[in-house]
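As structure tokens, the structure follows; a few thoughts come after it.
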Amino acid sequence: MEDPQPTPIPVSSAETQAILDQATVTEVSRMPGLEERAYVGPLADAYERIDPMRDGWTTEAFHQAAKSQLDTLAEQLDDPETAVAINLDPDFATSPWAPSQKIPVETNTKGLTVTRLEADAAPLKPSARGPQGLAEAAAAFTALFSEAPKVKFKHYRVEPLDRKNVRSRARLEARGQAAAGEGQAQVTAEWDLLWTATLTPGLKEIQLAEWELATYRGATNTLFEDRTTAVLGANPSYHEQLLRSTDHWRSRLPRSLGLDVVANHGLALGDVNGDRLDDLYLCMQGGLPNRLYLRNPDGTLTDATAGSGVDWLDYCASALIVDFDNDGDRDIVVGQEWRVLFMENLGQARFELAFGLGTVAQTFALAAADYDVDGDVDLYLCGYNTTADTVRSGAMGEPMPYHDAQNGGANMLLRNDGNWEFNEATAEVGLDQNNNRFSFAAAWEDYDNDGDLDLYVANDYGRNNLYQNNNGRFRDVAGPLGLEDMSSGMSVAWGDYNRDGWMDLYVSNMFSAAGNRITYQRQFKNREEASTKAIFQRHARGNSLFEGIGQGQFRDVSESADVTMGRWAWGSAFVDINNDSWQDLIVANGFITTDDTGDL
């Protein structure tokens, strides 16, 4: 009898398909309930290294199959006329997707309404059964919208129960036109799912765990409207420079100019021409000029870069618009990776270099404050990589160890001694303590209400710092106060979200669906202490909110306040978005635009 011919594995990635063109596969049965793959061909070794079944990560192989089923379900909900169906177990049952037991948590005159599933309500039993039950639950869900909503699932937890069953959790997000009247609706829900333990899993149960419906019915169709083109569109630089993608410039500018695919570039707002309207300064990639736009009374922006003196072509990561010389107009300070440049405002949106200094690390962020209460604004610089060689060999740095890195670039405090004289005072004031991390952002605030400004620093790859200011001398108290927040810190925001007179702290990190699945598996870091494994789990959790509870103390309310899910969160800010006197949170997230792999 002839051996059966091996069959290729279907893949979505063109790169992976290129490997499979030369490496074929056959199935073997070494694991009950799940198939294992063996490869033959010239590139067999290469493909085995990226196959989760070959290195024991069967849960990731299962995730890929289950996520495919959920994507199919999302496709059905996006377009009910589409004749696609998911693989249901014969005993399938589901709880309602749109519960009747819900309570309002937000209603205001601006047209925003939020309702949630009652926290102490009895669990909704999976009572609707079979394909008909699935159809009925889907119909009740889509009835919340006037047309088919846009639906996405994020599959972020997998737990094998036994040889026949796997439990998982998925986050559902749906948005579209609201059903009753004009406006927008958004549903955010958490589903607990039960599957058969195969690589063609059958869905056995959907249990609704969390549910929230937000609707907006205001004077306009949406609370916010994209006005970027209306504000900037009259400027040729908007079309010729700002609307061009990173890939566009990568094909035209040499990397030696500082062009980097990991684009860490900030902006600054402030009135630079004395008309009491905030203007905009944009930091750009190496080889592209920074841009200065002046605001007009009608809200539009006019490009004033030419002749401004701030059109640097170097890689610029950050900038601030601040009056450093106390002459009544706003100056500009620019962080250029390995330099910091202070540009004096000469009037009429023209600047000249007043002071410059080389830095000991790659500068990513700047934070200005009068820390010593002498009337002059001082400057704190966040350092990331230690040398230019590190940046050019790998923009993400080389943290050691990954979860608690202490080989980052040193931060610097520049004390303003007046008349454009700045002196480094980092060690002198005690800010050299724990000053060896990959710092992304910093923010000043008097968190202990003692009259001077303290400093919180968000660090990538591990622990953060909170430097308490005691009459101009600093001490890192993040550890004793439980604020080290070991994760991938990328921004920090202070605000009194509960209006109790004590400042609260929000830190943006990264939520990783893959990390939430992998770090909870038995084989992950199985030779490490449980505490180390918990740190990696914390890295995948997402953002953090620490409530100030008085006397300089804090408590972590991240999960109870439901603010951890911010995706790959670069920036964050407390802002009263709907003018109800309560500070809301806005989080800027994302990375390089490409096909969604479902990882983050």
How long is the span from the CZ atom in R437 to the CG atom in D404, to the nearest 0.5 Å?
-> 6.5 Å
Are the side chain of N435 and the backbone of N411 linked by a donor-acceptor contact shorter than 3.5 Å?
-> yes
Quick one: which of Y384, Y456, Y461 gives a ring pair (Phe, Tyr, Trp, His ring centres under 6.0 Å) with F440?
-> Y384
Taking the six-membered ring for Trp, are W494 and Y506 ring centroids under 6.0 Å apart?
-> no
Derivation and outcome, salt bridge (charged side-chain N to carboxylate O under 4.0 Å, His left out), residues R555 and E547 = CA-CA 5 Å; R555 65 182 172 198; E547 177 190 350; 3.0 Å; yes
Interatomic distance, CG@D454 vs OH@Y371, rounded to 0.5 Å, equals 14.0 Å
Are D378 and N416 linked by a side-chain donor-acceptor pair shorter than 3.5 Å?
-> no
Can you find a side-chain donor-acceptor pair between D476 and N434 that sits under 3.5 Å?
-> yes
What distance separates T386 OG1 from N407 CG, expressed to the nearest 0.5 Å?
-> 7.0 Å
Main-chain N/O of S487 paired with N509 side-chain donor or acceptor, under 3.5 Å | no
Considering the options V310, L277, D331, I321, which one meets the side chain to side chain contact (heavy atoms under 4.5 Å, CB included) requirement together with V272?
-> I321
Donor on one side chain, acceptor on other, Q241 and R291, under 3.5 Å | yes
Is there a donor-acceptor pair closer than 3.5 Å between any side-chain N or O of N423 and the backbone N or O of A425?
-> no
How long is the span from the CD atom in E559 to the CZ atom in R541, to the nearest 0.5 Å?
-> 5.0 Å
Under 3.5 Å, is there a donor-acceptor pair between the side chain of N464 and the main chain of A478?
-> no
Looking at Q336, R339, M412, which one forms a side chain to side chain contact (heavy atoms under 4.5 Å, CB included) with T359?
-> M412
Take E173 and R175 through the salt bridge (charged side-chain N to carboxylate O under 4.0 Å, His left out) test and state the conclusion after the steps.
-> CA-CA 7 Å; E173 295 178 347; R175 57 182 172 83; over 6 Å; no
Go through the steps for W312 and L341 under the test side chain to side chain contact (heavy atoms under 4.5 Å, CB included), then give the verdict.
-> CA-CA 10 Å; W312 298 97; L341 306 175; 3.5 Å; yes
Any donor and acceptor pair, going by atom type alone, linking the side chain of D496 with main-chain N or O of D500 inside 3.5 Å?
-> yes
Enter the distance from D314:CG to L257:CG here, rounded to the nearest 0.5 Å.
-> 9.0 Å
Under 6.0 Å between ring centres, would you say that holds for Y293 and Y238?
-> no
Below 6.0 angstrom between ring centroids: does that apply to F554 and Y447?
-> yes
To the nearest 0.5 Å, how far apart are CD in Q468 and CG in D450?
-> 7.0 Å
Using 30° and 60° as the class limits, which term best fits the ring planes of W570 and W568: parallel, tilted or perpendicular?
-> parallel
Please work out which of the three classes, parallel, tilted or perpendicular, describes the rings of F355 and F342, given edges at 30° and 60°.
-> tilted
Are side-chain N/O atoms of T305 and D311 paired as donor and acceptor at under 3.5 Å?
-> no
